[in-house]
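Structure first, then comments.
In what follows, chains carry the letters A, B, and so on, assigned in the order in which the sequence lines appear, proteins first and then strands, with residues in each chain numbered from 1. Note that the coordinates shown come from a computational prediction; the quantities given were computed from them, not determined experimentally.
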Amino acid sequence: MLSIADRTFRSRLLVGTGKFSSSAMMVAAIEASASEIVTVALRRIDLEDPGDDIMSMLSRDRYLFLPNTSGARDADEAVRLARMARASGGGEWLKLEVTPDPRTLLPDPVETLKATEILAAEGFKVMPYMNADPILALRLQDVGAVAVMPLGAPIGTNLGMITRFQIEIIIEQARVPVIVDAGLGAPSHAAEAMEIGADAVLVNTAIAVAGDPVRMARAFAMAVEAGRDAFESGLGRKQIEAVASSPTTGLDFLK
Amino acid sequence: MEIQSGTTIEGLILGMDLNPDTVVVECDGQIVLREEYGNHVLNTGSRVELIRFVGGG
Amino acid sequence: MVEIYSNLVAGEFIVPPFQELGPLIGARTAGDVEKALVAERIDVDLFAALLSPEAEPYLPIMAQRAGELTRRRFGRVIQLYAPLYLSNYCGNRCAYCGFSAENVIDRRVLSLEEAEQEANLLAERGFQHILLVSGEAPGRLAVDYLAQLARRLHHRFASIAIEVQPLSEPDYAQLFLAGITSVAVYQETYDVEVYPKVHLAGPKQDYRYRLDTPARVARAGMREIGIGALLGLSDWRLEGLALGMHLAWLRHRFWRTAFTVSFPRIRPSAGGFAPMTWVGERQLAQLIFALRIFDPDVGLVLSTREEARFRDGMIGMGPTRYSAGSCTAPGGYSDPEQTGEQFAIGDLRTLDEVCLAIRAKGYDPVRKDWDPVFQQHAGGEVSRQYK
């Protein structure tokens with residue numbers, strides 16, 4: 001079971017709701033993913049063409065809605081978005097994103113830390129999206145993050161776990177769940193994240209833009225389960241060297 | 001967008017066939033509490049933003 | 001988040017009762033030991049395997065692995081320090097300690113001038129790291145004394161550590177500003193059943209206050225904390241396991257703080273206390289190797305309680321810090337005839353002799369490890385926050 005703050009979840013796969021070809025496809029893919037946490041963004045309603053209401057398509061009894069602050073370029077904007085999300089019935093849960101560089105959409109560590117501290121103090125359950133920096137992960141936990149969401153690779157790159165070594169350190173030191181977010185382009189990437197002990201992964205693009213998003217969602221769900229099972233059943237860790245059968249170290253001095 | 005004077009926020013939302021429970025309203029830069037939607041009358045020149053959740057990662 | 005720690009990192013540190021720790025060690029197999037010896041990192045279960053009887057045939061391989069991890073993290077060096085005993089007055093009655101209140105020994109507390117003279121002698125002998133030690137008698141030796149002494153000494157030493165009675169967080173903050181950077185406070189035994197049987201009177205009877213002390217030290221901003229257990233009071237395997245859990249909890253809580261662990265074995269002392277359980281050199285070695293493999297980054301201290309032969313043999317197998325030329329009686333460096341010692345020394349060699357032995361093993365004896373020159377307020381006044 002995945003425990004974040006005061007809630008527990010059976011599924012360790014979080015799914016984003018963006019970039020799908022249609023709302024119906026989005027709903028079908030999320031269903032196939034067996035996910036219990038879906039991320040959503042906040043946007044102005046186009047008054048001339050309101051479009052579909054995502055909240056009416058996904059049941060809140062079944063899914064925890066995790067509003068993100070996408071679009072925020074600094075802490076102030078993120079805080080404002082977070083308060084709006086809460087006002088619109090989003091609850092206290094929040095995926096904090098502060099991405100000032102529109103080219104890479106990499107998260108700003110300084111503003112993210114600032115916003116986490118403010119929002120955690122206001123009672124938000126903050127899950128910050130962050131670069132895979134172990135010290136930043138500790139600092140975010142120190143100011144009240146309920147989970148940390150380091151990136152496997154820059155968003156949309158499908159590069160997989162290129163930050164693996166840093167994420168291993170984050171996992172080892174973490175006091176809260178570690179959810180690998182961004183850059184996971186294939187189910188094998190998600191499995192790798194789970195095998196090294198990540199508590200969950202978040203996938204959006206790789207599912208949404210697949211030729212068959214429903215089957216891809218199922219593929220990710222299976223990969224996450226496989227990776228978690230492997231981790232929990234004690235994966236044969238990378239062996240540095242064989243256990244020497246006749247070691248050279250002398251212990252003759254011991255009485 | 002033209003609306004009839006005297007319209008409340010609730011009236012605006014329902015008139016657009018939106019669900020008041022899932023829409024957040026910012027009027028002249030201030031978030032309006034949901035309980036106020038029924039009594040908050042829009043004046044001429046009010047800047048209204050309707051915001052809600054959309055798909056996102 | 002590594003699941004095995006989840007019960008350790010939430011809330012305050014709870015020592016599992018030793019009856020519950022026993023099965024954790026008993027359930028481990030030789031296969032677990034082999035797994036622990038090749039893993040990059042090990043969890044509490046595999047740490048228990050290395051402490052178990054199943055690991056005994058693997059002792060040479062454990063030594064090899066511990067040595068390799070130590071070299072990778074610390075290099076081929078041993079840091080040297082000397083204890084400076086300030087006072088042997090003590091309000092506690094601890095069955096195993098020569099300073100225990102009911103023992104009839106020569107009692108004294110050094111004046112600030114005498115303490116400074118002792119420190120100067122240690123500086124002349126080449127020590128850059130000193131550990132100020134005293135019994136627990138706040139009426140004789142309180143925080144102000146330590147702060148004043150630290151202000152006199154801090155520019156002459158690379159680091160000043162203390163091993164005195166547990167203090168409050170503001171007291172530690174005050175001492176940090178005075179130039180003390182490191183605090184040692186050993187639980188003695190993590191076994192809640194045994195603890196009251198050997199702490200017969202005095203403030204030290206408060207197990208919980210003592211257990212919470214490292215957290216207060218860390219919150220006050222100290223750079224380093226030493227924890228440890230006195231070996232010979234309870235089952236050493238369980239003691240080691242509890243110690244490792246305490247260390248893991250502290251690491252998750254206070255990631256800015258460096259940690260060291262000591263493994264003092266009970267030595268002959270006034271009062272003639274006999275160890276309640278026997279811990280031999282092989283057992284001590286197993287504990288040191290296991291802890292090194294469990295935590296490759298922790299500093300491991302081996303004092304002059306142990307004999308020269310054992311200390312020389314252990315160089316390169318895990319320990320990173322040795323005391324040398326120690327005297328455990330207040331004033332004993334200026335006056336070698338001084339009595340009233342805490343315990344009998346096992347390694348009587350001088351600092352130079354110990355350095356030679358370390359060099360002979362291909363290791364570098366380091367008398368000065370770092371310098372707090374950048375630490376702005378060292379030796380300064382008490383900050384407003386803690387006034």
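- Residue pairs meeting the salt bridge (charged side-chain N to carboxylate O under 4.0 Å, His left out) criterion with at least one member in residues 40-50 of chain B, sequence neighbours excluded, are A:Arg44-B:Glu49, B:Arg47-B:Glu49.
- Contacts between residues 22-41 of chain A and chain B, counted as heavy-atom pairs separated by less than 4.5 Å, involve A:Thr39, A:Val40, A:Ala41.
- Annotation: A:Arg80, atom CZ; neighbour count of heavy atoms from other residues, nucleotides and ligands within 6.0 Å does not exceed 12.
- Residue pairs that meet the salt bridge (charged side-chain N to carboxylate O under 4.0 Å, His left out) test with at least one member in residues 146-163 of chain A, sequence neighbours left out, do not exist here.
- Across all non-hydrogen atoms, the minimal contact from A:Met84 to B:Ile51 is SD-CD1, 3.5 Å.
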Which pairs of donor and acceptor atoms, one on a side chain in residues 200-213 of chain A, lie under 3.5 Å apart (sequence neighbours left out)?
from, atom 1, to, atom 2, distance (Å)
A:Thr205, OG1, A:Lys19, NZ, 3.0
A:Asp212, OD1, A:Val214, N, 3.2
A:Asp212, OD1, A:Arg215, N, 3.3

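- Residue B:Phe53 comes nearest to A:Pro67 through the heavy atom pair CE2-CB, 3.5 Å, listed as atom of the first residue, atom of the second, then distance.
- Looking at every heavy atom in both residues, A:Ala87 comes nearest to B:Ile31 through CB-CG2, 3.6 Å.
- Counting heavy atoms of neighbouring residues, nucleotides and ligands inside a 6.0 Å radius, atom CG of B:Asn39 exceeds 12 of them.
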